[in-house]
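A quick note: this is a predicted structure, and the numbers were derived from the prediction, not measured. First the proteins, then the strands, lettered A, B, ... as listed; each starts at 1.
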Amino acid sequence: MRTREIIAFFALIALILLAKYVLPHPMQFSPTLSLIIIILLSLTFIIIGVLTLQGKFVERRIVFIYVGAALTLPFFMQIELEVPISPEVQSAYDQIESLNPGSKILAAFDYDPPSAPELQPMADAFMKYCFHKGIKVIIMGLWPQGPQQAGQSVEAAFEDDPALRDKIRYGVDYVNLGFQSGNEFVILRMGESFKAMFPADIYGTPYDSIPILRNVKNYSNIDYCMNFSAGKPGTQEWVQGAVDRFGLKLSAGNTAVQAPMIYPYLQAGQLDGLMGGMAGAAEFEKLTGYKDKATTFIKSQSFAHIVVIVFIIIGNMAFLRGKTERKVK
Amino acid sequence: MKDYHRPQLLFQIFILPLVVILSLTSALTAQEQPVIPADSIIHIPAPTSNVVAVDYVYDRGETVELTWNLSPDDTIGGRIDGYELTRIEQSTGKMDTLEVIPAGISYYKDDKLTHGHKYAYLIRSVYFGAKSSPVSSNIITPSIEIINWRLANLFAIAFILCGSVIYFIAHAKKGKKLFIRKIAGLEAIDEAIGRATEMGRPILFVPGINDMDDVQTIAGITLLSRVAKVVADYDIRINMPVSRSLVMTTARETIKEAYIGAGRPDAYNDDMVRYITDEQFGYVAAVDGIMVRDKPATCFYLGAFFAESLILAETGNSIGAIQIAGTAQPAQLPFFVAACDYTLIGEELFAASAYLSNEPKQLGSLKGQDVGKFVAMIAIVIGVLIATLAELTGSSSLENLSEFMNRLFTIVS
Amino acid sequence: MKRKIPVLITFVVGSVLILSVFFPPIETWGEDFSIFFDIIAVFAFFLGGGNLLRIHTKKAIKRQKDWGFSIVTVLGFIIMLIAGLFKVWNDGGIAGDVAAPGSLFQMMYNWIFTPLGATMYALLAFFVASASYRAFRAKNVGATILLVASFIILLGRTPLGTYVTGWIPKSLSIFNIPDLAIWIMTAPNLAGQRAIMIGIALGVVSMSLRLILGVERTYLGVDNE
Amino acid sequence: MSWEQTFGIWLAAAFTLGIVSFLYRDNIFYKVCEAIFVGSSAGYWFVTYFWDNLYRKFYLQAFDPVSPHIAPWVGFILGVLMLTRLFGAKIAWLSRWPLAFIIGATAGVYMMFYFVSNAMLQIGASIKPVFVGSFGDIVSNVLIAAGTFCGLVYFFFSKEHKGVFGGAARVGIWFLMVTFGASFGYTVMSRMSLMLGRLDFLFGDWLRLIS
């Protein structure tokens, strides 16, 4: 253990104690204080710009500090941001909006905790919206942790509106069929029969004795499908396996890294709507009216984007500075 | 006699009011069902007609398609709920009521049959429990079709492509010289390894995080054999952490073979290839650790990568290594292009091992790929031209042609 | 003989599975392969797991550099194995669902596995910023286009974009940054995606044929005669 | 909150800080986190494979009291052949058979899968009239068709990138660069939200500094 590591350890302990017992819970900066912080940070950008022009290039760990600050500080600031709605999120929302009460949605949860920050807000808003609209939700997942994430969305819906706890009955208004391995082959098999792939739900109750699944044999017996995907297997496999082959109507929520790859399917009409990343989640929250985490996260994201944009500019200043230097030599 | 009356009495006192209350409450609570109209008791929906059962072609003999004319009552707001289907297996006479198809639909696909058995179907129009007399279909015996002619277009195009790949491979075997242009990313592999030899530092090879059941991983392993040959010749230390056990065994085979080929079988050691963990980010954490501690001169990332691509590339950059990446995951290409020195974009990953082998047979397959691209380019140009002209002129012959072009590339299974 | 049979297996299995798409009786063989593969992968894991244990115990015994951490890795591996295979603290006992809440396996998953995985993944927030700072420099035309496209999308996908160009009238809305960002995603981005996807498909076809025809055999440790 | 939950949260917070410390430099906290992660995740996946594949896919199917299946035995035998590598070089070559089987099957299955979904469908989707819809649509359609065409030209192997062909290839790489730039920009947002999830845990669940 080097001395620096020991010092860092104790400094951290002090910070934790300070945060736990000294600082007010929850800590909120007043709007004016927030503004002052923003202005101060913006000034430091100018200093870095000047340093770069003088040939002293900033190293990547400075970038890390700025990103950390840009993500963390807005948590404590009281400022509002207006969220524009993109067409693909609007059409995803319209599709669910057009379903009348009692219709059935297959909700495929194909992601895991590491990609939950982007997809969980979408799933929570989706679950709250379906429960309040009386739409019945059939949950399943092609990722081992997908169904657990779905359980969290159901819990979030109940916490948000406790009246739902007795109105929404498991097995009648929603069911969780759990995880099934086999990736795209599960999707193909479900085209013939859900029961073949999910003989029982996550609690072991046999398929046939679950009321919501009584006359649900395969895709032709459900009204819509929403897929939350963070990679493979995910939306691409659902399009190839279910939309192309069985004509299933599908919208999807994707992590922002997946979304660009899914645009061709949106363009070719194989996908009705697409929610991409945190912005997609914030837009969907705004459309469904259940504003939650995504709306607060979008603030931090905007600041982080500014940091990235500023450092791209600074990076190019360093490049031009380097070029003139090479010319001078 | 008295006892006879008592049950009736009981019935009137308890059961009848109960039924009335129940039907009232169910009428009130069940918003979905409209209130039962007075004349429904006597209305029996008209039966359907012309019920035809057809064997669904190109299947394993387990599917039959059923069509029928809608019942005369089946109009907007008509007094009909749907059609109840019953299947009768002729040999055993077993009757299964399938399901009630909603009104307005006159098609049903039954895929739970066994080929060779005889079946017939009965359809009754249904309206609030009242059923019409059954109309029966013809007797049908679903059979297995050997060839799925519906995929003829797919077969034709795949045949052209595979045929051209095989043709050029055979053509090259006869010693014909084939021209393949220089690909920057591939030329750089030798240069990057050279750098490792000068600096005497190891080479890191990461074959992606998918298992051997992914073509990108196989492409990564085939490229490993090219890199391993140079490593064996120049006696450079190769460090290959893998995320899958099957990839570990295959990679060991490949490197051992390269050392045998270079005449130095004793220099090979199984520990050059080490299993880390199947977990995506556990593997990345370990590889980052290896990079920062081992400080390899050259890093290869060739295979299937997902979100961890940039973690590896940025850490590799922070230790100043030359980085060559290649993947067929479109979502990860931007990060490799931004953070690595050379990137094999999608198709180039698969072409790389053929390109570097410089064997005529292998180069032949690249020519086959070009034929595929040529077909794709021609299809797009002609397809767009015809579709546009058909749109502008509206001439039916052009429209048929355009329809044909579209059907050529759509897969109906 | 040792080398001919594997090449023959690859050829037969490969061509049968290619043709299985066109012949309904054997249509589902592709799906059966995924089950075979999963079973083979479990056996292969004995080799992988064995390798992990061997390397780390050897490192610990010989006290090589960082040997202490090898002990931690071996312990983590063994504890997780015991917790999962014998379903420790699992209400359902040996027949219960391995990931049943309350079981040691699930607890270790939630407390160790998830935070480590999620945080490792989250490091990308920092790396994407440092990569942008370092790589997006207008070195040549291609790099400039990469920079400009990324710049517009960055602005467009957050409320920031609406502030900067909100004033542009509806008629010229294409130059309003959020709409421009969406247009870039749906038009030029789509063209590039398609070219890459078609290229990948052709690359896979060519490589699959090379493997099946035995032209590409290095994976089998088979030297090209 | 039960003591398990508090202990769990403190442990998770320690791991989160340990991993983030790697951004500064490689240190003892990161090494501990890495070692624990590698060990426990390897164990996790073996257990998952054991119950999902060996138990459910093989044992339950092969020894199903009602209708024992034969197919899983193929996987079992090939799996056992894999283990021959452990018993010396004399029979280790047998392990090449399952490898050959896997590679042959993967090549066969994925060739058609990629060809149908990536090539056929994408070419089919490109074939549509250009001069339709508003002026904006026309420009987009022309760009998509031209971009796809030039992108394919860039990937052409058997012709040098010279003259008109070279020009089309350069336009092709420009389209690819737009695609890469767009995807990169689009994903900056998702990466930031991942870190937001962790910060929300640290400052919310752990330190309770935010609601």
Side-chain angles (χ1 to χ4, degrees), chain B residues 154 157-158 161 178-181 183 212-215 218 246 249-250 253 275-279 281-283 285-286 288-289 292-293 330-331 333-335 337-338 345-348 351 355 366-367 369-370 372-373 376-377 379-381 383-384 387-388 390-392 402 405-406 408-411, chain D residues 19 22 25-26 30-31 33-34 37-42 44-46 49 82 85 95-96 99 102-103 105-107 109-112 114-116 119-121 123-124 126-132 141 145 148-149 152-153 155-161 176-177 179-184 187 191:
Chain B
L154 175 63
I157 295 173
L161 183 58
L178 301 167
F179 171 77
I180 299 289
R181 72 172 168 85
I183 303 175
M212 287 308 287
D213 67 337
D214 187 324
V215 279
I218 298 177
L246 273 170
T249 27
T250 321
E253 283 286 317
Y275 170 77
I276 306 291
T277 172
D278 269 57
E279 170 61 26
F281 290 109
Y283 174 65
D288 271 7
V292 175
R293 293 159 209 151
L333 285 169
F335 306 116
V337 166
I345 300 170
E347 184 176 5
E348 290 169 347
Y355 179 89
L366 298 188
K367 287 290 209 185
Q369 269 175 259
D370 275 359
K373 279 191 278 287
M377 290 197 283
I380 291 174
V381 167
V384 166
T388 313
E391 190 69 30
L392 295 179
S402 167
M405 284 292 288
N406 263 319
L408 191 60
F409 287 98
T410 42
I411 310 293
Chain D
I19 294 285
F22 181 73
R25 59 198 304 265
D26 186 22
Y30 177 75
K31 286 181 184 172
C33 294
E34 179 199 326
F37 198 11
V38 167
S40 68
S41 60
Y44 170 83
W45 280 104
F46 179 72
Y49 285 150
M82 265 326 283
R85 296 183 62 79
S95 70
R96 287 189 187 145
L99 283 181
I102 288 168
I103 286 165
T106 305
V109 168
Y110 280 95
M111 177 171 137
M112 272 305 154
Y114 270 90
F115 188 69
V116 166
M120 293 288 276
L121 284 176
I123 296 172
S126 314
I127 299 173
K128 53 185 181 16
V130 169
F131 295 108
V132 74
N141 291 339
T148 309
F149 183 83
L152 288 172
V153 164
F155 283 117
F156 225 73
F157 293 131
S158 34
K159 198 165 183 316
E160 204 58 62
H161 284 178
L176 294 185
M177 283 304 161
T179 301
F180 295 150
S183 314
F184 195 105
T187 39
R191 301 307 189 226

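- Annotation: maximal heavy-atom pairing with chain D below 4.5 Å, among B/Ala158, B/Gly282, B/Ala351, occurs at B/Gly282.
- Contacts of D/Arg25 with chain B are absent, with no heavy-atom separation under 4.5 Å from either backbone or side chain.
- The choice from B/Pro334, B/Ala286, B/Ala285, B/Pro330 that makes the most heavy-atom pairs within less than 4.5 Å of chain D is B/Pro334.
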Go through the steps for B/Leu408 and B/Ile157 under the test side-chain contact (heavy atoms from CB on, under 4.5 Å), then give the verdict. CA-CA 9 Å; B/Leu408 191 60; B/Ile157 295 173; 4.1 Å; yes

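- For a residue to count as touching a neighbouring chain, one of its non-hydrogen atoms must lie under 4.5 Å from one of that chain's; by this rule D/Tyr44 does not touch chain B.
- Only the side chain of B/Leu392 has a heavy atom closer than 4.5 Å to any heavy atom of chain D.
- Between B/Phe409 and D/Leu121 the shortest side-chain heavy-atom distance does not fall below 4.5 Å.
- Neither the backbone nor the side chain of B/Ala390 has a heavy atom closer than 4.5 Å to any heavy atom of chain D.
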So B/Met212 and D/Thr106, side-chain contact (heavy atoms from CB on, under 4.5 Å) or not? Walk me through it. CA-CA 8 Å; B/Met212 287 308 287; D/Thr106 305; 5.9 Å; no

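- Counting heavy-atom pairs closer than 4.5 Å to chain B, the top-ranked of the candidates D/Asn141, D/Leu176, D/Asp26 is D/Asp26.
- Between B/Leu246 and B/Asp213 there is no side-chain heavy-atom pair separated by less than 4.5 Å.
- Residue B/Ala387 comes nearest to D/Pro129 through the heavy atom pair CB-N, 3.5 Å, listed as atom of the first residue, atom of the second, then distance.
- Checked by atom type, the side-chain pair D/Tyr49/B/Asp278 shows a donor-acceptor distance below 3.5 Å.
- For chain B, the nearby parts of D/Phe156 are the backbone and the side chain; heavy atoms of each come within less than 4.5 Å.
- For D/Phe155, the parts sitting under 4.5 Å from any heavy atom of chain B are the backbone and the side chain alike.
- In this structure the side chain of B/Ile380 reaches within 4.5 angstrom of the side chain of D/Leu152, judged on heavy atoms.
- Only the side chain of D/Phe22 has a heavy atom closer than 4.5 Å to any heavy atom of chain B.
- D/Phe37 has its side chain within reach of B/Glu279: a pair of non-hydrogen atoms, C-beta onward, lies under 4.5 Å apart.
- Heavy atoms closer than 4.5 Å to chain D are found in the side chain of B/Ile183, but not in its backbone.
- Using a 4.5 Å cut-off between heavy atoms, B/Thr249 touches chain D through backbone and side chain atoms alike.
- When side chains are defined from C-beta on, D/Met120 counts as touching D/Phe115, because their heavy atoms get closer than 4.5 Å.
- With a 4.5 Å cut-off on non-hydrogen atoms, D/Val109 does not touch chain B at all.
- Side-chain atoms of D/Phe149 and B/Val384, non-hydrogen and from C-beta on, never get closer than 4.5 Å to each other.
- Counting heavy-atom pairs closer than 4.5 Å to chain B, the top residue among D/Phe157, D/Tyr30, D/Phe180 is D/Phe157.
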May I have the step-by-step check of salt bridge (charged side-chain N to carboxylate O under 4.0 Å, His left out) for B/Asp370 and B/Lys373, ending in yes or no? CA-CA 5 Å; B/Asp370 275 359; B/Lys373 279 191 278 287; 3.2 Å; yes

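- Note: D/Ser158 leads D/Ala42, D/Ser41, D/Ser158 in heavy-atom pairs under 4.5 Å with chain B.
- Heavy-atom distances place no part of B/Tyr283 under 4.5 Å from chain D, backbone and side chain included.
- Contacts between D/Lys159 and chain B at a heavy-atom distance below 4.5 Å involve the backbone alone (N, CA, C, O).
- For chain D, the nearby part of B/Val337 is the side chain; its heavy atoms alone come within less than 4.5 Å.
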